[in-house]
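The block underneath contains the structure these notes are about, expressed in structure tokens.
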Number of protein chains: 2
Amino acid sequence: MKINRNQRRRPVTPQRKLLLSIIQEAQRHLDAKELYRRAIERDPSISLATVYRNLRLFKEQGLIEERRLDETRRYYESKRSGEHQHLVCRGCGHVIEFETPLIRNLIEEVERQNNFLVSRVELYLEGYCRECREERD
Amino acid sequence: MKINRNQRRRPVTPQRKLLLSIIQEAQRHLDAKELYRRAIERDPSISLATVYRNLRLFKEQGLIEERRLDETRRYYESKRSGEHQHLVCRGCGHVIEFETPLIRNLIEEVERQNNFLVSRVELYLEGYCRECREERD
DNA sequence: ATAGGTGCAAATGGTTTGCGAAAAC
DNA sequence: GTTTTCGCAAACCATTTGCACCTAT
């Protein structure tokens, strides 16, 4: 049986421990630079390349999720149990997470209609939150 | 009254005509390089910078839609009437477009629950098409 | 006449990679 | 002792931009 990249032996390095714990403690989604900034406070010699390499590894191992919340960067967050999606305000940039059971129905319908097996779902909604709508008066 | 960028006078240049007609005739989503390749066949002196500048303009004017169908590039397509989403096969890379009324319900629920006004929807589904599933035997 | 567009080449910015030294197992 | 990772600097690649010239109105 072929052993794929994700199942290979993976040494536990201090850098990996540090990065993963920062991601898990974080309240918000982090991009690579922000993760690097936080990591450097605890290990000043860590490099940005290591951050990128390990983000890729964690993603392949299914430990974190990658999201695109704007046009430029990729954001990461620790993988949690509930499937959730994001709502981004064009006014203040605030990111709201939400869950809805309706998305499962939708996926089932799409799978049936297209004879497709869905393995990844990313729903991105953009608009205006209440505060930003009220401000526009 | 302030005139915003999208309402300013916009000369019709041969480059713009060419680019827009290529996008409208295209069956598939095009990225900037592919659009450039096709444009150069009809106007060998057109530049990639002009392609990018006009893609941005067309997008701001609402003539085309921008989508992310993979991790690297941005893809563009002519804006059509029906709201539709994309299903991308991880096996063969094939892109299936679909529509479903369920997504409107979903958005209404999300708007109600979060007191949010949604202005852009992007649902990205990834998985395996029938052919690619059958091949894995 | 003039605001706006074009082509070119250089810059930008997020991400990836080659390499020799160092660490994990 | 062998395999994998690390830090560094350079490379990559899609996209953007400064500039001098050109074109649509």
Side-chain angles (χ1 to χ4, degrees), chain A residues 2-23 29-61 63-77, chain B residues 2-23 29-61 63-77:
Chain A
K2 220 194 267 178
I3 293 176
N4 81 28
R5 177 169 162 74
N6 304 348
Q7 297 167 325
R8 284 215 310 270
R9 187 166 62 89
R10 290 297 186 183
V12 175
T13 65
Q15 290 90 337
R16 286 194 182 142
K17 279 189 201 158
L18 172 59
L19 292 172
L20 209 46
S21 70
I22 293 173
I23 295 170
H29 311 78
L30 303 176
D31 65 4
K33 280 260 175 62
E34 178 61 30
L35 177 55
Y36 175 61
R37 263 180 240 117
R38 296 188 190 192
I40 238 176
E41 290 174 11
R42 292 203 242 160
D43 171 2
S45 72
I46 199 172
S47 79
L48 187 55
T50 295
V51 171
Y52 275 109
R53 277 191 282 240
N54 286 312
L55 280 172
R56 170 187 285 198
L57 176 68
F58 299 156
K59 185 174 68 164
E60 286 173 354
Q61 292 177 329
L63 295 171
I64 63 174
E65 268 184 82
E66 183 184 78
R67 292 289 187 148
R68 293 188 169 277
L69 301 177
D70 64 30
E71 299 295 298
T72 54
R73 282 172 282 279
R74 301 172 194 190
Y75 292 82
Y76 299 87
E77 64 181 316
Chain B
K2 221 194 265 176
I3 292 175
N4 81 29
R5 176 169 163 74
N6 302 346
Q7 297 167 326
R8 287 214 310 270
R9 187 166 62 88
R10 289 298 184 182
V12 175
T13 65
Q15 290 91 335
R16 286 191 183 147
K17 278 190 202 160
L18 172 59
L19 293 172
L20 210 45
S21 71
I22 294 173
I23 295 171
H29 310 78
L30 304 175
D31 66 4
K33 278 262 173 60
E34 179 59 30
L35 177 55
Y36 175 61
R37 264 179 239 116
R38 296 188 190 191
I40 237 175
E41 289 173 13
R42 292 203 243 160
D43 171 2
S45 73
I46 199 172
S47 78
L48 187 55
T50 294
V51 171
Y52 276 109
R53 278 190 282 240
N54 285 312
L55 281 173
R56 169 187 286 200
L57 177 68
F58 298 156
K59 185 175 67 162
E60 287 173 353
Q61 292 178 328
L63 295 170
I64 63 175
E65 268 183 81
E66 182 185 79
R67 291 290 187 148
R68 294 189 166 277
L69 300 176
D70 65 29
E71 298 295 298
T72 53
R73 279 172 285 279
R74 301 170 194 193
Y75 293 83
Y76 299 88
E77 64 181 318

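Because the structure is a prediction, the values reported are computed rather than measured.
Across the protein-nucleic acid pair, Leu57(B) atom CG and dA3(C) atom P stand 19 Å apart, rounded to whole Å. When rounded to the nearest whole Å, the span between CG of Leu30(A) and P of dT15(C) equals 13 Å. Rounded to a whole Å, the CG atom of Leu55(A) is 16 Å from the C1' atom of dT17(C). Between Tyr36(B) atom OH and dC8(C) atom C1' the separation is 10 Å, expressed in whole Å. Distance, Leu19(B) CG to dG7(C) C1': 14 Å, rounded to whole Å.
Nearest heavy-atom pair across Glu66(A) and Glu71(B) is OE1-OE1, 2.7 Å. The two residues Glu77(B) and Ile23(B) make their nearest non-hydrogen contact at C-CG2, 4.0 Å. The shortest non-hydrogen separation linking Phe58(A) to Arg16(A) is CZ-O, 3.8 Å. The minimum heavy-atom distance between Asp70(A) and Arg73(A), with the atom names listed, is OD1-N, 3.0 Å. Considering all non-hydrogen atoms of both residues, Lys59(B) and Ile64(B) come closest at N-CG1, 3.6 Å.
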What string of B, S and - do you get for nucleotides 11-24 of chain D, 5' to 3', if B is base contact, S is sugar-phosphate-only contact and - is no contact with any protein heavy atom under 4.0 Å?
-> ---SBBBB-----S
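Looking only at distances, no side-chain donor or acceptor of Asn54(B) sits under 3.5 Å from a matching main-chain atom of Leu57(B).
The side chain of Arg10(B) places no N or O atom within less than 4.0 Å of a non-bridging phosphate oxygen (OP1 or OP2) of dA3(C). Phosphate contact (OP1/OP2 of dG7(D), side-chain N/O of Gln15(A), threshold under 4.0 Å): present.
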